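The next block holds one structure in the form of C-alpha cells; read it before the comments.
We count ligands from 1, going down the list as the structure has it; atoms in each ligand are counted the same way. As the structure is a prediction and not an experimental result, all values here were calculated from the model.
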Amino acid sequence: MSTTTPEGPLKDALAQLARAAEHLDLSAGTHKMLATPRRELQVAVPLRRDDGSVAVYSGFRVQHNFTRGPAKGGLRYAPQVDLDEVRALAMWMTWKCALLDVPYGGAKGGVAFDPREHSDAELERITRRYTSEILPIIGPEVDVPAPDVGTNEQTMAWIMDTYSVAMGHTVPGIVTGKPLSLGGSLGRSMATSSGVAHVAQLALRSRGIEPHGATAAVQGFGKVGRGAALILAHAGVKVVAISDIDGAVANPDGLSITALGHYVDEHGSVVGFPGGDAIDPSELLAMEVDALIPAAVEGVLTKDTAPTVCASVVVEGANGPTTEAADTILADAGVLVVPDILANAGGVVVSYFEWVQAHQAYAWSEHDVEDRLRERMEKAWVDVTTYAAAHGMSLREAATAMAVRRVFEAHMLRGLYP
Ligand code: NAD
C-alpha cells in the first residue's frame, strides 16, 4: 500500500477497520495485516477503437484477503476508478463475505473509463484484454469476478469465454452473475436488490413503521436501485423519488417503477419521465421519507449532506455511500443506517450459490435460491442487531466487528506462514 494518507472510500474503510480492531483488542500487527491487501495488480488496457485510433485505460484487480476461501468481488467500469477505490471495495468484500458466512475472501476490480461512451464491440475488446491481463491471478478457486457498476451479465460472459479459451476448456466457475444459459443462477440478477428490499423492510419494522404505505427515495436506477425500487413497490412502499447520474424524478403519490423501467430502457435515463416531476438530484437525499436508499456510488452522504437527511432509516444499497463524518452525524440525529456489508450482501450470497451450482453441475430452483437467500439475510440482520444492542454500537460497527473477528479467527487457526 502507498504511504500517503488515503482519502475517499479507502479512508472510510480503514477507519471502520480501526474501530473494529480497537473493539476486538487486536494487536497492531494483526490490524496491519487486515488493513493490507494480499495482492494488487495494475494493468494497462489498450483498446483499438472503432474509428481505428488507440486508447489506453488503467485496469486494477485487488485481492484483499484469502483466509476464508477464494477472493470474490465485482468488476467496475467507471471513469473515477483508481487503485485506492478498488482497495476499499475489496476490503468491504472481505467483511461482507465473512458477515454472511460465505466461504470467500474479498477482491474487487476496475477499469477507469466511461462505458457509456463506448460501443458494444469496444466493451467486448476492453473486457477481453483486461481479462487476459489479470488472467494469471484469477481462477474459480482463486478469485472469481462478478458484475458491479458499469458491467453486467454480458461482461461476465466475455470474461468466462476469454478465460475458458485460455484454459482450453469451459470454466463456468470463473465468474458469477453470468447469463442463465451459460450456467448463471436463477435469482442472481435480482439478488442484491432483493436483499436490500428485504433488509429495508426489516429496518422499517424495527422502527415501528409498517412497509405497506411507507415512503422511500432511491438514488441510482441501475442493477441494484431499480430492482430494490420494484420489489419495495410490490410490497406496498411508495417510492416517491428516484435519481440516476443524469437527473431525478419525484411523485408524492409514488412513481410507477415498471413504467419508469420501460422509459429508462427506451431513453437511457430517468430524465423526462412523464410519470413524475423533475427535481434536482441533490434534493433526493434530503426528502422527508421513511427510507432513503443510496444505490449508486460511494461518498454521497457526507458532512455536508448528512445533516439534511430526514429519513428514519438509510439502507445502503451502494458500497460506501456514507462517509465516517456522515455516520456520526446520522447516528447523533437518530437515523438508523443499515450498512452496505449487510444491506447489499444478497448479491454475493447468490453468487456463492451460483458458484456452488457450477461445482455441482446442477441448477437449483428459483424457490430454493430465494428461500436460502432470505434465510441468510434474516440471520445476518438478527445477528448484527443483537450484537449492536449488546455492545451499544451502530449497526456498521457491529457488522464490521463481527466480520473482522471471523477473518481474524480463521487467520489464527491457519497460523502465519512460515
Ligand atoms: P449500475 O451501473 O447498474 O447502476 C448504477 C446507477 O447509479 C445508474 O443508474 C447510474 O446512472 C447511477 N449513478 C451513478 N452515479 C450517480 C450519481 N452520482 N448520482 C446518482 N446516480 C448515479 O451499478 P449497480 O450494480 O446497480 O451498483 C450500484 C451500487 O451497488 C454500487 O455501489 C455497487 O458497488 C453496489 N453493489 C452492487 C452489487 C451488484 O450485484 N450489482 C452488489 C453489491 C453492491
Starting from the C-alpha separation in whole Å, work towards a yes-or-no answer on side chain to side chain contact (heavy atoms under 4.5 Å, CB included) for Met160 and Thr131.
CA-CA 9 Å; Met160 176 183 153; Thr131 306; over 6 Å; no
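- When only non-hydrogen protein atoms are considered, atom 5 (C) of ligand 1 lies nearest to Gly222 CA, 4.2 Å.
- Note: no N/O pair closer than 3.5 Å links Gly225 and ligand 1 by distance alone.
- Under the 30°/60° scheme for interplanar angles, the aromatic rings of Trp355 and Tyr104 are found to stand perpendicular.
- For the 3.5 Å distance criterion, the side chains of Arg76 and Thr151 fail to qualify, holding no donor opposite an acceptor.
- Of the protein's non-hydrogen atoms, the one nearest atom 19 (N) of ligand 1 is Gln219 NE2, 3.8 Å.
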Could you pull out every donor-acceptor pair under 3.5 Å between side chains of residues 395-405 and any protein atom, sequence neighbours left out?
{"unit_1": "Arg396", "atom_1": "NE", "unit_2": "Asp327", "atom_2": "OD2", "d": "2.5"}
{"unit_1": "Arg396", "atom_1": "NH1", "unit_2": "Glu316", "atom_2": "OE1", "d": "3.0"}
{"unit_1": "Arg396", "atom_1": "NH2", "unit_2": "Glu316", "atom_2": "OE2", "d": "2.8"}
{"unit_1": "Arg396", "atom_1": "NH2", "unit_2": "Asp327", "atom_2": "OD1", "d": "3.1"}
{"unit_1": "Arg396", "atom_1": "NH2", "unit_2": "Asp327", "atom_2": "OD2", "d": "3.4"}
{"unit_1": "Glu397", "atom_1": "OE1", "unit_2": "Ser394", "atom_2": "N", "d": "3.0"}
{"unit_1": "Glu397", "atom_1": "OE1", "unit_2": "Ser394", "atom_2": "OG", "d": "3.4"}
{"unit_1": "Glu397", "atom_1": "OE2", "unit_2": "Arg19", "atom_2": "NH1", "d": "2.5"}
{"unit_1": "Thr400", "atom_1": "OG1", "unit_2": "Arg396", "atom_2": "O", "d": "2.7"}
{"unit_1": "Arg405", "atom_1": "NH2", "unit_2": "Tyr387", "atom_2": "OH", "d": "3.3"}

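- Remark: Glu288 CD is loosely packed, at most 12 non-hydrogen atoms of other residues, nucleotides or ligands lying under 6.0 Å away.
- Taking distance alone, with nitrogen or oxygen atoms compared against 3.5 Å, Asn344 stays at or beyond that limit from ligand 1.
- Near Asp244, meaning under 4.0 Å from one of its heavy atoms, ligand 1 places the atoms 9 (O), 11 (O), 20 (C), 21 (N), 22 (C).
- No part of Pro281 comes within 4.0 Å of ligand 1, judged by heavy-atom distances.
- Side-chain N or O atoms of Gln80 include none that pairs as donor or acceptor with a backbone N or O of Glu85 at under 3.5 Å.
- The closest approach between a heavy atom of Arg226 and any atom of ligand 1 is not below 4.0 Å.
- Where the criterion is an N or O separation shorter than 3.5 Å, residue side chain and backbone included, Lys223 meets it with respect to ligand 1.
- Of all the heavy atoms of Thr192, the ones lying under 4.0 Å from any atom of ligand 1 belong exclusively to the side chain.
- A donor atom on one side chain and an acceptor atom on the other are found under 3.5 Å apart for Asn152 and Thr155.
- By the 3.5 Å distance cut-off applied to N or O atoms, Lys108 is not counted among the residues near ligand 1.
- Here atom 26 (O) of ligand 1 lies nearest to Val224 when heavy atoms of Val149, Val224, Thr176 are compared.
- In terms of protein heavy-atom proximity, atom 33 (C) of ligand 1 is nearest to Asp148 OD1, 3.2 Å.
- Proximity of Arg188 to ligand 1, defined as any heavy-atom pair under 4.0 Å, is confined to the side chain (atoms from C-beta onward).
- Proximity of Ala296 to ligand 1 is established by a heavy-atom distance of less than 4.0 Å.
- When only modelled atom types and interatomic distance are considered, Tyr130 and Thr162 share no side-chain donor-acceptor pair under 3.5 Å.
- For atom 32 (O) of ligand 1, the closest non-hydrogen atom of the protein is Asn319 N, 3.0 Å.
- Using a cutoff of 4.0 Å between basic side-chain nitrogens and carboxylate oxygens, Asp143 and Arg38 are not scored as salt-bridged.
- With rounding to the nearest 0.5 angstrom, the CG atom of Asp290 is 4.5 Å from the CD1 atom of Ile209.
- The environment of NE2 in His267 is crowded: more than 12 heavy-atom neighbours from other residues, nucleotides or ligands sit within 6.0 Å.
- Checking only distances, Leu89 never comes within under 3.5 Å of ligand 1, N or O to N or O.
- Phe221 N, 3.0 Å is the protein heavy atom nearest to atom 9 (O) of ligand 1.
- Not one N or O of Val297 is nearer than 3.5 Å to an N or O of ligand 1, by distance alone.
- Thr305 and Thr308 share no donor-acceptor pair across their side chains, judged by distance under 3.5 Å alone.
- Closest to atom 30 (O) of ligand 1, if we only count protein heavy atoms, is Gly317 O, 3.4 Å.
- In this structure, atom 2 (O) of ligand 1 lies nearest to the protein heavy atom Gly150 N, 3.0 Å.
- At a 4.0 Å heavy-atom cut-off, ligand 1 touches Arg76 through the side chain alone.
- In this structure, Glu22 places its CD atom where only 12 or fewer heavy-atom neighbours from other residues, nucleotides or ligands lie under 6.0 Å away.
- Residue Ile245 has at least one nitrogen or oxygen atom sitting less than 3.5 Å from a nitrogen or oxygen atom of ligand 1, judged on distance alone.
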